[in-house]
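Step one of this worksheet: look at the structure below.
No hydrogens, no waters, no symmetry mates; every other heavy atom, side chains included, goes into these values.
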Amino acid sequence: MLCARTTIAAVILFAAASAQSATTDVGDKLLSVKGTMDSINEELRAQHADISRLTSDVAASNRENAAMNRQLLNEIKALRRQNQALWDTNQALIKADSGDNPNGVSQSAKEILKAVGEPRNYDIETPDGKMLFGSEEYVYVQEADATLAARVDTGATVSSIAATNISRFESDGVKKVRFTIEFNDRSIDVEAPFIRVTRVRQSSSSEFSYRLVVGLNIKIADYSVYTEFNLMDRSHMDFPMLLGRSLLTDIASVDVSRNYIQKRADPDGLLIINRDLYTLLKKNGENVNKEYDERMSMAQGGQVAHPDDSYGSNLGTDSTKALPEVTQKTLKDEYMQRLKDAGVSLPPDAAASSEGTVSTSESDEAKDTENSAENDDKTQNTKAEDK
């Protein structure tokens, strides 16, 4: 019995000693982990300090770069003014040199012009030769024979144009697309070569839409290019056209603070403006295409004439170009004048008869009367020669 108790007591003491040893090991490990964490935190604080210092240096560098850019722009403007002043001086000297020359500009003046050249207009182009586009520009579309106001969007990959009633067809082995541009209460029918079908996803939607892509010949100021446009219904949008990166890359820089920097390529043609401006002008009774519509009306005037009084006296869209009205009364007056010139007198009831077509017998009678009068004249002349 005593031996068993002694064994149990030994086991208890051993367990207590083991537990105390385990507790000591855990404490040592926790202390080791805490030291490691303190070291990491210290390193993170040092890195945060470095990041803050670098951020301050970058901000200072950006401010210096902005100041330098402003200085360079001011210097460029000053050089532009000096260049323009030199050009104006050369023009004045050339004009003075050719003032007494009956043949115009002298050879020396021509050499000066050739050597100097025309100054660049940095209001519409960059110093490296790229065009400057505003956030809105006028684009002439050859296939539509119209100028469209376009929104310049550097976030769009491909340009797009308003299109409804889209249909595909083939002509002489060439795949084409026929569509209608409906904007500003006008409908313009367009045909263009088919390029491909593209998949587009707008930023406001996660779903894809499929659109036809066509090739169009466009012109902005003096720059002409054949480029791709995808067709889409822009009836709910403000602009009938959008210019994307596929057109802007390598040819233009965008100044979003300005609009319509480039001149219109077709200043006398049909103009389609943005929807808000058109609505405002329409409300005030103004029409941006007034001169164009009048010119088109004048060009069509007199082309369609009706030789019948059933259509009234309006023989064309422009009465000043219309042909004279031709009616049955005019024909009868001409016939009666022929009879009068031939010396034929008609009864009063025949002269005052109702208007109508001249009968064949009356025409034959008139011809016979004229022939008789001519024969009598010939007979009298023959008798006079015989005498």
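- Residues Leu132 and Arg258 form a side-chain contact, since some pair of their non-hydrogen atoms from C-beta on lies under 4.5 Å apart.
- In summary, the side chains of Arg234 and Ser160 do present a donor paired with an acceptor at a separation below 3.5 Å, with no hydrogens or angles considered.
- The closest side-chain heavy-atom distance from Asn289 to Arg186 is below 4.5 Å.
- With hydrogens and angles disregarded, a donor-acceptor distance shorter than 3.5 Å links the side chain of Asp255 to the backbone of Ser257.
- Between the OG1 atom of Thr227 and the CG atom of Leu248 there is a distance of 9.5 Å, given to the nearest 0.5 Å.
- Residues Val197 and Leu212 have side chains in contact (heavy-atom distance under 4.5 Å, counting atoms from C-beta outward).
- Judged by distance alone, the side chain of Ser39 and the main-chain N or O of Gly35 form no donor-acceptor pair under 3.5 Å.
- Enclosure of atom CD in Glu75 by more than 12 non-hydrogen atoms of other residues, nucleotides or ligands within 6.0 angstrom is indicated.
- Judged by distance alone, the side chain of Ser297 and the main-chain N or O of Asp293 form no donor-acceptor pair under 3.5 Å.
- Rounding to the nearest 0.5 Å places CD of Glu286 at 8.0 Å from CG of Leu280.
- Rounding to the nearest 0.5 angstrom, the gap separating the CG atom in Asn287 from the OH atom in Tyr292 is 11.5 Å.
- Nearest approach of Ala221 to Ala265, heavy atoms of both residues: O-CB, 3.5 Å.
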Discussion item. Show, in sequence, the C-alpha distance, side-chain angles and deciding distance for Asp268 and Arg295, and conclude whether the side-chain contact (heavy atoms from CB on, under 4.5 Å) test is met.
Written reply: CA-CA 10 Å; Asp268 298 327; Arg295 188 168 63 254; 3.8 Å; yes
Worksheet entry | Derivation of the side-chain contact (heavy atoms from CB on, under 4.5 Å) call for Arg199 and Tyr210 | CA-CA 5 Å; Arg199 189 176 70 168; Tyr210 295 87; 3.5 Å; yes
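- Side-chain atoms of Met131 and Glu125, non-hydrogen and from C-beta on, never get closer than 4.5 Å to each other.
- Cation-pi check for Arg264 over Tyr140 is not met; the charged atom does not lie both under 6.0 angstrom from the ring centroid and within 45 degrees of its normal.
- Nearest heavy atom pair, residue Leu243 against residue Leu247, reads CD2-CD2, 3.5 Å.
- Side chains of Leu216 and Val214 form a contact here, defined as non-hydrogen atoms less than 4.5 Å apart.
- Inspection of the Asp233 and Thr164 side chains reveals no N or O donor paired with an N or O acceptor under 3.5 Å.
- Between atom CD of residue Glu137 and atom CD of residue Gln262 there is a gap of 5.5 Å, rounded to the nearest 0.5 Å.
- Of all non-hydrogen atoms in Ala149 and Tyr260, the two that sit nearest each other are CB-OH, 3.8 Å.
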Discussion item. With side-chain contact (heavy atoms from CB on, under 4.5 Å) as the criterion, how do Asp145 and Leu270 come out once you've worked through the C-alpha distance, each side chain's angles and the decisive distance to 0.1 Å?
Written reply: CA-CA 7 Å; Asp145 193 19; Leu270 177 63; over 6 Å; no
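- Note on Ile220: it does not cluster hydrophobically with Leu271, by side-chain heavy-atom contacts below 4.5 Å among ILVMFWY residues.
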Discussion item. Before you tell me yes or no, could you show the steps for Lys130 and Asp250 under salt bridge (Lys or Arg N to Asp or Glu O under 4.0 Å), namely the whole-Å CA-CA distance, both residues' side-chain angles and the distance that decides it to 0.1 Å?
Written reply: CA-CA 7 Å; Lys130 289 186 178 181; Asp250 298 331; 5.1 Å; no
Worksheet item: Step by step, would you call Arg196 with Glu228 a salt bridge (Lys or Arg N to Asp or Glu O under 4.0 Å)?
Response: CA-CA 10 Å; Arg196 67 178 185 277; Glu228 296 180 354; 2.7 Å; yes
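- Between Val254 and the options Ile261, Val152, Asp153, a side chain to side chain contact (heavy atoms under 4.5 Å, CB included) holds for only Val152.
- Of all the heavy atoms in Ile195 and Tyr226, the pair that sits closest is CD1-OH, 4.0 Å.
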Discussion item. Assess the residue pair Arg45 and Asp50 against the criterion (salt bridge (Lys or Arg N to Asp or Glu O under 4.0 Å)); give the C-alpha distance rounded to whole Å, side-chain angles, the decisive distance to 0.1 Å, and a yes or no.
Written reply: CA-CA 9 Å; Arg45 283 193 290 270; Asp50 293 338; over 6 Å; no
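- Seen from the ring of Phe239, Arg275 does not count as a face-on cation partner, given the 6.0 Å and 45° thresholds.
- No continuous path of ILVMFWY side-chain contacts below 4.5 Å connects Ile124 to Val139, so the two sit in separate hydrophobic clusters.
- With respect to Arg178, the salt bridge (Lys or Arg N to Asp or Glu O under 4.0 Å) criterion is satisfied by exactly one of Glu191, Glu143, Glu170: Glu191.
- Remark: the Asn230 side chain and the Thr198 side chain contain no N/O donor-acceptor pair separated by less than 3.5 Å.
- Placement of Phe133 and Tyr138 in two distinct hydrophobic clusters is found when ILVMFWY residues are connected by side-chain heavy-atom separations under 4.5 Å, directly or transitively.
- A donor-acceptor pair under 3.5 Å links the side-chain atoms of Asn274 to the main chain of Leu277, judged by distance alone.
- Ile273 and Ile188 fall into different hydrophobic clusters, where Ile, Leu, Val, Met, Phe, Trp and Tyr side chains are chained together by heavy-atom contacts under 4.5 Å.
- A donor-acceptor contact shorter than 3.5 Å links the side chain of Asp238 to the backbone of Asp276.
- With no hydrogens or angles considered, a side-chain donor-acceptor pair links Asp185 and Tyr278 at under 3.5 Å.
- What you find for Ser246 and Ser159 is that their closest heavy atoms are OG-N, 3.8 Å.
- Under the 3.5 Å distance criterion, the side-chain polar atoms of Arg168 are left unmatched by any main-chain donor or acceptor of Val177.
- Ile166 and Ile161 fall within the same hydrophobic cluster, where Ile, Leu, Val, Met, Phe, Trp and Tyr residues are linked whenever their side-chain heavy atoms come under 4.5 Å apart, directly or through other members.
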Practice prompt. Dump the intermediate steps for side-chain contact (heavy atoms from CB on, under 4.5 Å) on Thr180 and Val190, then the final yes or no.
Written response: CA-CA 6 Å; Thr180 303; Val190 181; over 6 Å; no
